[in-house]
Amino acid sequence: MTWLAKLVATVVGAGYSPIAPGTAGTAVAAPLAYLAAGLPAWAFAALIAAVVAGGIWAAGRADAAWGTHDSGRIVIDEVAGYFVTVALVDRSDWWLLAAGFLVFRVLDIVKPPPVRWIDRQVGGGAGVVLDDVAAGALGAAIMVCLASWIG
């Protein structure tokens with residue numbers, strides 16, 4: 001099952017990008033969010049829950065196999081965080097998806113509170129994924145404000 005964990009954790013290899021693997025993982029997430037635009041809110045929430053749960057499992061297994069903690073190759077957490085960022089806005093609007101991309105990447109890199117605390121204090125696969133989910137929650141609030149401001 002280690003091969004499957006690595007496949008999921010790297011989002012089918014996006015995490016092996018030699019340049020900015022986290023950005024590559026988020027870039028994979030954007031078209032997936034667009035494809036899921038027609039889902040009702042409950043179904044997109046279920047998709048997020050599945051990505052978070054599967055990501056925690058995969059990140060934990062992949063890190064154990066590689067002997068690392070939060071390896072840069074693991075980018076399923078970026079998918080989870082980006083999905084949370086755009087969960088409350090119109091995912092069929094490419095401008096909002098692009099704005100969500102930028103908002104999430106900034107929050108993921110800067111790691112404002114409580115994101116940094118989760119990153120430092122929560123171990124294993126949960127720590128790898130949940131800090132990005134927290135960044136996504138902050139991003140979702142920003143995106144709701146941005147979407148209402150744009151109209």
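The residues of the chain are indexed from 1 along the displayed sequence.
- Of the possible polar contacts, none joining the Arg73 side chain to the Ser17 backbone as a donor-acceptor pair under 3.5 Å is found.
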Take Ile56 and Val128 through the test side chain to side chain contact (heavy atoms under 4.5 Å, CB included) and record every step on the way to the result. CA-CA 7 Å; Ile56 290 170; Val128 173; over 6 Å; no

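- Between Met1 atom CE and Leu7 atom CG the span is 11.0 Å, to the nearest 0.5 Å.
- Under the ring-ring contact (aromatic ring centres under 6.0 Å, His included) criterion, Phe101 pairs with no residue at all, not counting sequence neighbours.
- Considering only heavy atoms from C-beta on, Leu97 comes within 4.5 Å of Val86 through its side chain.
- Across every non-hydrogen atom of Val8 and Ala58, the tightest pair is CG1-CB, 3.6 Å.
- Under a hydrophobic-cluster definition in which Ile, Leu, Val, Met, Phe, Trp and Tyr are linked whenever side-chain heavy atoms come within less than 4.5 Å, directly or via other members, Trp149 and Val144 are assigned to different clusters.
- Scored by the side chain to side chain donor-acceptor pair (under 3.5 Å) test, Asp63 finds Thr68 as partners (sequence neighbours excluded).
- Considering all non-hydrogen atoms of both residues, Pro112 and Leu107 come closest at CD-O, 3.5 Å.
- If you chain together hydrophobic residues whose side chains sit under 4.5 Å apart, Val12 and Val79 fall into the same group.
- In this structure, Phe83 and Asp132 have side chains that are not in contact, with every pair of non-hydrogen atoms separated by 4.5 Å or more.
- Minimum interatomic distance between Thr2 and Ala65 (heavy atoms only, all atoms of both residues): CG2-CB, 3.5 Å.
- The side-chain heavy atoms of Leu146 and Trp95, taken from C-beta on, include no pair separated by under 4.5 Å.
- Expressed to the nearest 0.5 Å, how far OG1 of Thr23 lies from CZ of Phe104 amounts to 9.5 Å.
- Taking every heavy atom of both residues into account, Val28 and Ala14 meet most closely at CG2-CB, 3.8 Å.
- In this structure a side-chain-to-backbone donor-acceptor pair under 3.5 Å is missing from Tyr34 to Ala29.
- In terms of the salt bridge (Lys or Arg N to Asp or Glu O under 4.0 Å) criterion, residue partners of Arg105 (sequence neighbours excluded) are, by chain and number, Glu78, Asp108.
- The side-chain heavy atoms of Asp119 and Asp70, taken from C-beta on, include a pair separated by under 4.5 Å.
- The heavy-atom pair separating Leu138 from Pro114 by the smallest distance is CD1-CD, 4.5 Å.
- Heavy-atom minimum distance, Gly15 versus Pro21: O-CB, 3.4 Å.
- Contact check for Ile76 versus Ile74: side-chain heavy atoms found under the 4.5 Å cut-off.
- Between Val133 and Val52, some side-chain heavy-atom pair lies under the 4.5 Å cut-off.
- Interatomic distance, SG of Cys145 versus CG of Leu88, reported as 11.0 Å (0.5 Å rounding).
- Atom CZ of Arg120 has 12 or fewer neighbouring heavy atoms from other residues, nucleotides or ligands inside a 6.0 Å radius.
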Between Leu96 and Arg91, does a side chain to side chain contact (heavy atoms under 4.5 Å, CB included) hold up when you go through it step by step? CA-CA 7 Å; Leu96 287 174; Arg91 292 180 308 280; over 6 Å; no

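- In the hydrophobic cluster analysis, where Ile, Leu, Val, Met, Phe, Trp and Tyr join through side-chain heavy atoms closer than 4.5 angstrom, Tyr16 is grouped together with Trp3.
- The side-chain heavy atoms of Asp93 and Val89, taken from C-beta on, include no pair separated by under 4.5 Å.
- A distance of 11.5 Å separates CG of Asp90 from CD1 of Ile150, quoted to the nearest 0.5 Å.
- Under the 4.5 Å side-chain heavy-atom criterion for Ile, Leu, Val, Met, Phe, Trp and Tyr, Ile142 and Trp94 are members of the same hydrophobic cluster.
- Trp66 is listed as a side-chain neighbour of Lys6, based on a closest heavy-atom distance under 4.5 Å.
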